[in-house]
2 protein chains.
Amino acid sequence: MSIKDVAKLAGVSIATVSRYLNSPEAVREKTRKKVREAIRQTGYAPNTLARNFRRGKTSLVVVVLPSVGDPFFAGVMRGIWRVADEEGYSILIRETQFNTHAFDEYTDIVFSKQADGIVLLASISPFMQGDAEVTGKGGRVPPIVVGCEAVAPQLSPFPSVRVDNARAAAEATEHLIGLGHKRIAFISGLAASLLTRDREQGYRSAMAAAGLAVSEHWVVEGRQTLEGARAATRRLLALEARPTAIFCANDEMAMGAMREIRRAGLRIPQDISVVGFDDIRYAEILDPPLTTVAQPVEEIGERTMRRLCRAIDGGDIGAGPEIVSHRLVVRESSAAPPK
Amino acid sequence: MSIKDVAKLAGVSIATVSRYLNSPEAVREKTRKKVREAIRQTGYAPNTLARNFRRGKTSLVVVVLPSVGDPFFAGVMRGIWRVADEEGYSILIRETQFNTHAFDEYTDIVFSKQADGIVLLASISPFMQGDAEVTGKGGRVPPIVVGCEAVAPQLSPFPSVRVDNARAAAEATEHLIGLGHKRIAFISGLAASLLTRDREQGYRSAMAAAGLAVSEHWVVEGRQTLEGARAATRRLLALEARPTAIFCANDEMAMGAMREIRRAGLRIPQDISVVGFDDIRYAEILDPPLTTVAQPVEEIGERTMRRLCRAIDGGDIGAGPEIVSHRLVVRESSAAPPK
DNA sequence: CCCATATTTGTAAACGTTTACATCATTTGC
DNA sequence: GCAAATGATGTAAACGTTTACAAATATGGG
């Protein structure tokens with residue numbers, strides 16, 4: 001059941017069979033027919049393991065993300081897959097469960113030839129431990145491209161693809177300010193996530209630009225999860241001067257916030273406005289439909305993966321972030337504050 | 001940067017280095033120290049590609065599922081991952097996008113050594129094309145275990161892990177009947193999916209057992225998607241004798257149904273009750289929280305993967321389905337019908 | 001019909017491991 | 001202290017491909 005058996009049956013050398021498989025135009029039609037028939041008879045399928053070994057390529061790419069359950073990542077994955085299929089890669093998924101991992105844990109995947117490259121849809125901040133130098137063994141950085149997430153300033157040359165999170169968060173905040181809100185709360189994700197910090201910073205700068213003070217009680221950590229956001233919202237609703245709007249660092253958390261607001265007997269948006277971030281596919285079917293910032297998820301996935309492929313092939317992929325455009329999608333969860 | 005370099009530097013043979021890595025107890029501590037040091041100095045990492053090739057094992061398992069975006073599968077994946085980590089497997093994900101694939105497309109993955117086995121979270125029905133015989137090349141069936149989905153009766157010996165879909169659907173329907181509903185609609189998934197047919201059959205048998213006729217207008221195809229269910233619901237709401245309850249073949253579709261019911265200005269559950277299936281993590285935070293059938297998703301994932309691992313190791317995994325228990329979770333989306 | 005050239009095929013080495021077997025070193029029992 | 005037994009290490013083959021190079025065969029021009 002190996003190439004040898006096919007060769008024997010076809011009466012040719014194994015080199016010819018190999019050529020038949022990899023560059024058929026290099027073998028005569030008469031021979032091709034013999035080989036084709038021999039393959040049919042033996043039911044031969046090339047041993048991918050041996051092939052990859054010989055080629056020194058796994059044809060595997062690892063995608064590291066915090067949580068597969070998150071519908072946001074499903075969109076990014078779709079983009080990654082499209083390119084992966086084109087380029088002949090299979091995708092290996094590793095969930096971080098929001099844990100941080102050491103730099104080596106990722107780079108070793110490449111150095112030990114478990115995969116050819118890595119798409120990191122998770123925070124790169126743990127990488128900064130120790131000095132800011134990010135190098136793999138032997139001083140070379142393996143092919144890694146960061147998608148969606150922000151990258152620590154010290155590592156700014158690190159290739160990434162994302163929206164301008166600070167700008168987008170500022171626009172979302174400005175939208176609420178424009179509606180007349182003054183007491184706007186922010187539910188952040190994980191403090192460790194740079195992306196979250198960028199969004200928080202956008203929120204703060206928009207508030208400052210409008211001359212609005214931000215009470216420290218208004219900024220609460222939603223831990224990037226629906227449950228975390230529920231707890232955060234309960235705290236916000238218990239405040240003496242209750243916020244009239246809540247801006248959540250992502251839609252998943254916005255769903256949690258909406259649930260708690262409802263549970264408290266308040267109406268959205270009449271009593272409280274809610275704005276999310278990501279525009280996951282559930283945003284539109286929430287009740288009321290959620291105002292949020294849309295990211296071109298598939299495009300991010302595609303660009304990230306494409307850049308990674310070029311890096312794997314040894315091409316020049318440039319340095320630093322590639323910024324794609326976001327879009328504020330105004331739906332019915334945001335309106336003017338109550339009088 | 002290969003085992004050879006380490007051996008040279010440590011002044012031992014490559015066999016010793018290999019032994020150091022795979023069965024350290026077989027090498028003397030003095031030698032171990034030399035090797036350890038050499039590995040440290042060279043920054044050597046074993047070449048997984050070569051190792052897998054030599055061992056004839058990919059240590060990869062492919063999980064085939066209709067759609068990663070579906071939160072239901074996220075739970076199953078978690079269970080699969082837990083076992084995969086234990087057993088040293090990495091997971092490759094293939095999305096079918098609800099398309100059916102030929103039997104060979106799956107078996108070839110194993111025969112061509114791209115992976116050691118397959119977890120099929122998708123319908124196995126396309127396999128039935130031609131005769132009912134399911135055999136791979138050379139007459140042997142590669143390690144495949146079906147999770148969640150039903151398996152065609154002709155293929156009943158095929159190993160699978162799932163709940164009793166018909167029974168569970170019947171119980172959900174009985175719950176609605178018990179509340180006093182008589183006009184109960186059913187939004188099915190994809191007609192091609194056997195799982196969907198089982199659930200439909202459960203619904204029909206419960207209706208029949210209660211002496212309730214099922215109008216053919218009440219059974220509509222939701223195409224397994226949120227959008228499909230919205231269209232289906234619109235059709236149901238336009239009916240002259242509008243149903244007082246809708247049972248959806250999964251929660252994702254229930255979300256779509258709820259959205260459309262709301263949009264039509266009707267209240268849940270006062271005007272219409274809704275029941276779903278799966279108990280995805282959003283079920284509880286919907287407004288109102290969704291009555292649904294809970295599946296032990298992680299357990300399904302674990303059991304499926306465990307059975308697959310045994311199959312890969314050549315062990316006996318028995319035949320046919322392994323049934324795990326479901327549970328009707330009554331929340332607020334179901335109540336007595338309007339007078 | 002022969003030589004030069006182009007095309008097709010074959011030979012054999014290489015990729016980096018693991019492992020059976022042989023060899024060498026060490027311990028144990030007497 | 002020696003033989004036997006045990007333990008540690010080395011040698012070399014094997015896994016199934018791909019591919020550089022050599023060899024053989026076909027093609028074309030004169």
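Residue numbers begin at 1 in each chain, while the letters A, B, ... track the order of the sequences.
- Using a 4.0 Å cut-off, no side-chain N or O of Ser13(A) falls inside it from OP1 or OP2 of dT11(C).
- One interatomic measurement links the two molecules: NZ of Lys30(A) to P of dT8(C), which rounds to 12 Å at whole-angstrom precision.
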Pair Arg78(A), Glu95(B) - check salt bridge (Lys or Arg N to Asp or Glu O under 4.0 Å), show working.
CA-CA 9 Å; Arg78(A) 195 146 297 157; Glu95(B) 213 181 22; 2.9 Å; yes
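- In the model, Thr42(B) has no side-chain atom that pairs as donor or acceptor with a side-chain atom of Asp5(B) under 3.5 Å.
- In this model, a donor atom of one side chain and an acceptor atom of the other lie less than 3.5 Å apart for Glu149(A) and Ser193(A).
- Tyr44(A) and Lys4(A) share no side-chain donor-acceptor pair at under 3.5 Å.
- Spacing between atom CG of Asp5(A) and atom P of dC15(D) amounts to 11 Å, rounded to whole angstrom units.
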Interface polar pairs with nucleotides 16-18 of chain D, N/O, under 3.5 angstrom:
unit_1  : atom_1 : unit_2   : atom_2 : d
dT17(D) : OP1    : Tyr44(A) : OH     : 2.8
dT17(D) : OP1    : Asn47(A) : N      : 3.2
dT17(D) : OP2    : Ile3(A)  : N      : 2.9
dT17(D) : O5'    : Tyr44(A) : OH     : 3.4
dT18(D) : OP1    : Asn22(A) : OD1    : 3.4
dT18(D) : OP1    : Asn22(A) : ND2    : 3.1
dT18(D) : OP1    : Arg51(A) : NE     : 2.9
dT18(D) : OP1    : Arg51(A) : NH2    : 3.4
dT18(D) : OP2    : Ser18(A) : OG     : 2.6
dT18(D) : OP2    : Asn22(A) : ND2    : 3.1
dT18(D) : O2     : Arg54(A) : NH1    : 2.3

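- Inspection of the Tyr20(A) and Lys34(A) side chains reveals no N or O donor paired with an N or O acceptor under 3.5 Å.
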